[in-house]
Protein chains: 2
Amino acid sequence: MHKSQLAGFIIDCQGDDLDSAATFWSQALGLEKQAADDPAESDYVLLNTRPEEVHIEVQRVDHPSRVHLDIETDDIEAEVARLERLGAKRLSDIRGWVVMEAPTGQRFCVVKPARANFEETANAWS
Amino acid sequence: MHKSQLAGFIIDCQGDDLDSAATFWSQALGLEKQAADDPAESDYVLLNTRPEEVHIEVQRVDHPSRVHLDIETDDIEAEVARLERLGAKRLSDIRGWVVMEAPTGQRFCVVKPARANFEETANAWS
């Protein structure tokens, strides 16, 4: 048995100016930027949401801007296999997470648990 | 003074088979499909999230598949003006909502309040 749930949404922004991108989305959504350890070294800025809510991140990317979602799980291989059975395709393995493509065409990632409520609210799959 | 907050995310799926698209995302995210009044007539299926969470919808669209976000507000014109001052562009007015483009390139919509917690948790702008 393993567990998974929607982790959150990542606002992928093409270009180098992560700070301006994060400032726009912070102000547009009324969510404060979380201080990063070293903003200059980071490719993403987390926006503060309440503990029971999904995560929202602004990420610097090389591909055209878009929005993608992450699914968090305590067993990445089992979750990828479950999603493959539903029709998704495994595209690539990055440091610690897996990029997949839905049968409806969107790309999404399977990641380790990050939300505070993972243990209580994630779905259990057997 | 008006109020706004992140309403939720819409999973835009190109093609006619909305039911298959909604079934995939329902199973992938472990969120039940909400029964629609008349599924054959509708362009979207709402997935059930908890009352304090953002809305997640699967929508049938003609453009390439993607994910977009909605901002909900009690004053659409005031909110569009606020977002324009932040650098977003007004693209088009659809029945009751406005499509905008962020300075980072993503399209999003400004809509009427839909979340149960709008009054308590939305940001007030003066």
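Here is how names work: the chains are called A, B, and so on, in the same order as the sequence lines, proteins then strands, and each is numbered from 1.
The number of heavy atoms from other shown groups lying within 6.0 Å of CD (A/Gln34) is above 12. Within 6.0 Å of CD in B/Glu32 there are 12 or fewer heavy atoms belonging to other residues, nucleotides or ligands. Counting non-hydrogen atoms of neighbouring residues, nucleotides and ligands closer than 6.0 angstrom, the CZ atom of A/Phe118 exceeds 12 such neighbours.
The shortest distance between side-chain heavy atoms of B/Glu52 and A/Glu52 falls below 4.5 Å.
Residue A/Leu69 touches chain B through its side chain alone, counting heavy-atom pairs closer than 4.5 Å. Of the two parts of A/Arg82, only the side chain, counted from C-beta on, holds a non-hydrogen atom closer than 4.5 Å to a non-hydrogen atom of chain B. Both the backbone and the side chain of A/Ala88 come within contact range of chain B, each with at least one heavy atom under 4.5 Å from a heavy atom of that chain. For chain A, the nearby part of B/Arg50 is the side chain; its heavy atoms alone come within less than 4.5 Å. Both the backbone and the side chain of B/Leu86 come within contact range of chain A, judged by heavy atoms closer than 4.5 Å. In this structure, chain A has no heavy atom under 4.5 Å from any part of B/Asp70.
Rounding to the nearest 0.5 Å gives a distance of 9.0 Å between CG of A/Leu6 and OG1 of B/Thr49. One finds the OG atom of A/Ser65 at 12.0 Å from the CZ atom of B/Arg66 (value rounded to the nearest 0.5 Å).
By number of non-hydrogen pairs under 4.5 angstrom with chain B, the leading residue of A/Gly30, A/Gly15, A/Gly105 is A/Gly30. Among the candidates A/Val54, A/Thr121, A/Ile56, A/Asp17, the residue making the largest number of heavy-atom pairs closer than 4.5 Å to chain B is A/Thr121. Of the listed residues B/Pro103, B/Ser4, B/Ser20, the one with more heavy-atom pairs under 4.5 angstrom with chain A than any other is B/Pro103.
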Derivation of the side-chain contact (heavy atoms from CB on, under 4.5 Å) call for A/Val67 and B/Phe9: CA-CA 9 Å; A/Val67 175; B/Phe9 291 86; 4.0 Å; yes
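Under the 4.5 Å side-chain contact rule for hydrophobic residues, B/Val110 and B/Ile10 do not share a cluster. Cluster membership for B/Leu91 and B/Ile94, using ILVMFWY side-chain heavy atoms within less than 4.5 angstrom, is shared. Grouping the Ile, Leu, Val, Met, Phe, Trp and Tyr side chains by contacts below 4.5 angstrom, directly or via other members, places B/Ile71 with B/Met100. Put simply, A/Ile11 and A/Leu18 are part of the same group of oily side chains (I, L, V, M, F, W, Y) that touch within less than 4.5 Å, one to the next. Transitive grouping of hydrophobic side chains (ILVMFWY, heavy atoms separated by less than 4.5 Å) keeps B/Leu83 and B/Val99 in distinct clusters.
Checked for salt-bridge contact, A/Arg115 and B/Glu53 meet the test: a charged N lies under 4.0 Å from a carboxylate O.
Nearest heavy-atom pair across A/Gln106 and B/Asp12 is NE2-O, 2.6 Å.
Taking non-hydrogen atoms and a 4.5 Å limit, the residue list of residues 21-29 of chain A in contact with chain B, ordered by number, reads A/Ala21, A/Phe24, A/Trp25, A/Gln27, A/Ala28, A/Leu29.
The closest donor-acceptor contact from the side chain of A/Thr104 to the backbone of B/Cys13 lies at 3.5 Å or more, if one exists at all.
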